[in-house]
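Only a predicted model underlies this, so the values are computations on that prediction, with no experimental measurement involved.
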There are 2 protein chains.
Amino acid sequence: MNLNDINCSEYLNDENNIFNVLSTNEKSTLLNNHILSSYKRNNIIFKEGEIPNSILLLIEGKVKILKKGIGSRSQILRMTKPIDIIGYRALLADEPYISSAVALEDTIIFAFDKNKFKELIHSNNDFATNIIKLLASELGFSNKKIVALTQKHIRGRLAETLLFLKNTYGFDEDNCTLNICLSREDLANLSNMTTSNAIRTLSTFASEDVISVKGRKIKIKNYKKLQKINDLG
Amino acid sequence: MNLNDINCSEYLNDENNIFNVLSTNEKSTLLNNHILSSYKRNNIIFKEGEIPNSILLLIEGKVKILKKGIGSRSQILRMTKPIDIIGYRALLADEPYISSAVALEDTIIFAFDKNKFKELIHSNNDFATNIIKLLASELGFSNKKIVALTQKHIRGRLAETLLFLKNTYGFDEDNCTLNICLSREDLANLSNMTTSNAIRTLSTFASEDVISVKGRKIKIKNYKKLQKINDLG
DNA sequence: AAATTTGTGTGTTTTTTAACATGAAATTAA
DNA sequence: TTAATTTCATGTTAAAAAACACACAAATTT
């Protein structure tokens with residue numbers, strides 16, 4: 001997509017967008033204070049410890065949100081797709097970022113001024129309600145993730161990650177290939193395991209005919225069985 | 001405390017309470033639709049899967065929020081004290097509870113009507129902003145917990161739990177005994193480990209003179225060392 | 001007071017997972 | 001193209017934590 005072809009307001013009006021409850025006036029406030037940026041694969045969008053100064057709207061591409069842990073391991077906390085907002089938690093809590101955002105593929109992002117964003121929350125009740133619902137839902141996901149990542153075994157954790165990726169990004173036209181390409185390391189960082197174990201478990205799933213793997217393309221061959229592995233833990 | 005002696009409005013005005021931005025009128029709306037209940041130790045306040053129909057304000061006592069996992073293990077997600085609100089996440093996300101609340105000691109709770117609560121969020125911007133900040137901050141805690149519980153080793157996790165309990169409930173008058181009594185099982189469920197390992201690691205800490213243990217009373221004898229164990233992971 | 005349940009402490013064994021090592025394949029850069 | 005680097009794959013070893021077993025103490029119930 002050419003950056004010049006992008007019409008920002010079209011995204012703000014999208015029915016899946018939390019901004020769609022804003023009035024025309026309020027939307028122009030945002031549009032008059034926005035920056036459009038593009039990122040190549042593996043580019044860092046923001047980093048743990050930095051102070052947020054804008055709210056980001058992902059227009060095109062995919063972005064992972066990750067948090068550095070002990071040693072060299074990271075935990076991927078969130079996987080985003082258009083038209084998700086990014087970086088809002090730290091901003092709303094008045095804290096520095098506690099996680100980093102990295103582009104997984106070529107990505108286009110709108111950045112809106114953080115103060116204008118906060119003013120809108122304060123002046124538009126429907127908008128505030130949207131944000132509250134988004135945060136409450138994210139907190140639910142996070143709490144469920146705590147239990148899944150700490151209590152499930154490796155197979156269950158990887159199965160959960162594959163099902164999560166299906167729910168988030170869906171399938172290709174063939175209706176079984178995950179519509180996202182991740183390195184084995186990213187799969188490991190989603191599933192709380194080492195890269196070796198992600199590779200090994202992926203191979204095992206393939207040998208059991210649950211999935212098939214060709215490079216970074218993953219086909220889910222037996223959805224029911226994958227769900228069963230997920231449920232068993 | 002005698003239930004009849006309790007003056008609800010006094011709690012709503014407390015400076016640490018998110019309700020304190022409400023007008024006198026708005027507060028009376030809540031006060032006219034509240035139920036006062038008391039719970040004995042180990043009583044269940046609400047259960048995973050139930051539909052929330054009120055927002056709870058903890059007036060006296062301590063309450064743990066926990067989520068059942070695989071097998072018989074639970075994860076304690078939150079430890080509350082007066083004057084925290086409880087059960088607001090599920091309510092605000094329009095979902096059933098994904099966790100249960102259990103009284104850790106004799107507890108007194110106000111329950112306010114959930115619709116009145118939601119209406120106030122929608123009509124009072126400052127109140128909505130308070131809720132947003134609370135949710136954003138909780139989400140940050142939850143994300144940090146994911147990394148700590150999955151990546152730290154047993155000693156680091158238990159040290160973190162002890163420091164967390166100190167930050168939440170503080171010390172007794174002696175300035176070193178944790179002002180909360182938990183079973184070894186609860187300590188384990190906070191720290192993502194088995195009860196055996198909580199007992200064992202607690203004994204090790206005691207033998208290293210980091211803490212001392214007398215029944216359920218835990219004294220922190222060497223705070224610096226405990227922090228070091230926490231930092232090392 | 002006796003019986004029962006619940007909670008605590010400790011040792012042993014087994015399972016799971018991480019760490020390490022090494023080589024092939026695939027990318028990327030020179 | 002080659003060379004260098006990264007990613008992927010798999011086997012081996014080591015460490016961490018869970019599972020299990022059992023004894024005993026403390027609290028509750030009868």
#### Entry: Close residues, residues 180-195 of chain A, relative to DNA chain D [heavy-atom separation under 4.0 Å]
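A:Ser183, A:Arg184 - these, ordered by number, are the residues of the stretch whose heavy atoms sit under 4.0 Å from the strand.
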Determine: side-chain N/O of [X] to OP1/OP2 of [N], distance under 4.0 Å, yes or no.
X: A:Ser196; N: C:dT17; answer: no
X: B:Arg73; N: D:dA18; answer: yes
X: B:Arg155; N: D:dA17; answer: no

### Task
Let me know which of A:Tyr88, A:Tyr11, A:Phe19 forms a ring pair (Phe, Tyr, Trp, His ring centres under 6.0 Å) with A:Phe112.
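Of the listed options, the one satisfying the test is A:Phe19.
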### Task
Assess whether side-chain contact (heavy atoms from CB on, under 4.5 Å) is satisfied between B:Phe110 and B:Leu12, documenting all intermediate values.
CA-CA 11 Å; B:Phe110 283 126; B:Leu12 295 187; over 6 Å; no
Starting at atom [atom1] of [X], determine the distance to atom [atom2] of [N], rounded to an integer number of angstrom.
X: B:Ile154; N: C:dA18; atom1: CD1; atom2: P; answer: 14 Å
X: A:Asn42; N: D:dT6; atom1: CG; atom2: C1'; answer: 11 Å
X: B:Lys217; N: C:dG7; atom1: NZ; atom2: C1'; answer: 18 Å
X: A:Lys214; N: C:dA25; atom1: NZ; atom2: P; answer: 16 Å
X: A:Arg41; N: C:dT28; atom1: CZ; atom2: C1'; answer: 11 Å
X: B:Arg216; N: D:dA26; atom1: CZ; atom2: P; answer: 13 Å
X: A:Leu158; N: C:dT16; atom1: CG; atom2: C1'; answer: 16 Å
X: B:Asn197; N: C:dT8; atom1: CG; atom2: P; answer: 15 Å

### Query
Using a cut-off of 4.0 Å on non-hydrogen atoms, how would the nucleic acid contact of A:Ile199 be classed: base, sugar-phosphate, or nothing?
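Base: the residue A:Ile199, judged by heavy atoms under 4.0 Å, touches a nucleobase.
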### Task
Test the B:Lys114-B:Phe117 pair against the cation-pi criterion, namely NZ or CZ under 6.0 angstrom from the six-membered ring centroid and within 45° of the ring axis.
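That pair does not qualify as a cation-pi contact.
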### Task
For the pair A:Lys64 (side chain) and A:Ile76 (backbone), establish whether a donor and an acceptor sit closer than 3.5 Å, ignoring hydrogens and angles.
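Pair absent, no side-chain N/O of A:Lys64 close to backbone of A:Ile76.
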### Message
Under 3.5 Å, is there any donor-acceptor pair linking the side chain of B:Arg200 to the base of C:dG11?
### Response
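Looking at the base of C:dG11, it does pair with a donor or acceptor on the side chain of B:Arg200 (distance under 3.5 Å).
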### Message
Going by side chain to side chain donor-acceptor pair (under 3.5 Å), name the pairs with one or both residues in residues 73-85 of chain B, residues two or more places apart or in two chains.
### Response
B:Arg73-B:Asn192
### Query
Got a sec: does the CG of A:Leu232 have more than 12 other heavy atoms crowding it under 6.0 Å?
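Yes, CG of A:Leu232 has more than 12 neighbouring heavy atoms, counting only those of other groups under 6.0 Å.
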#### Entry: Greater than 12 external heavy atoms within 6.0 Å of B:Lys217's NZ
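Enclosed.
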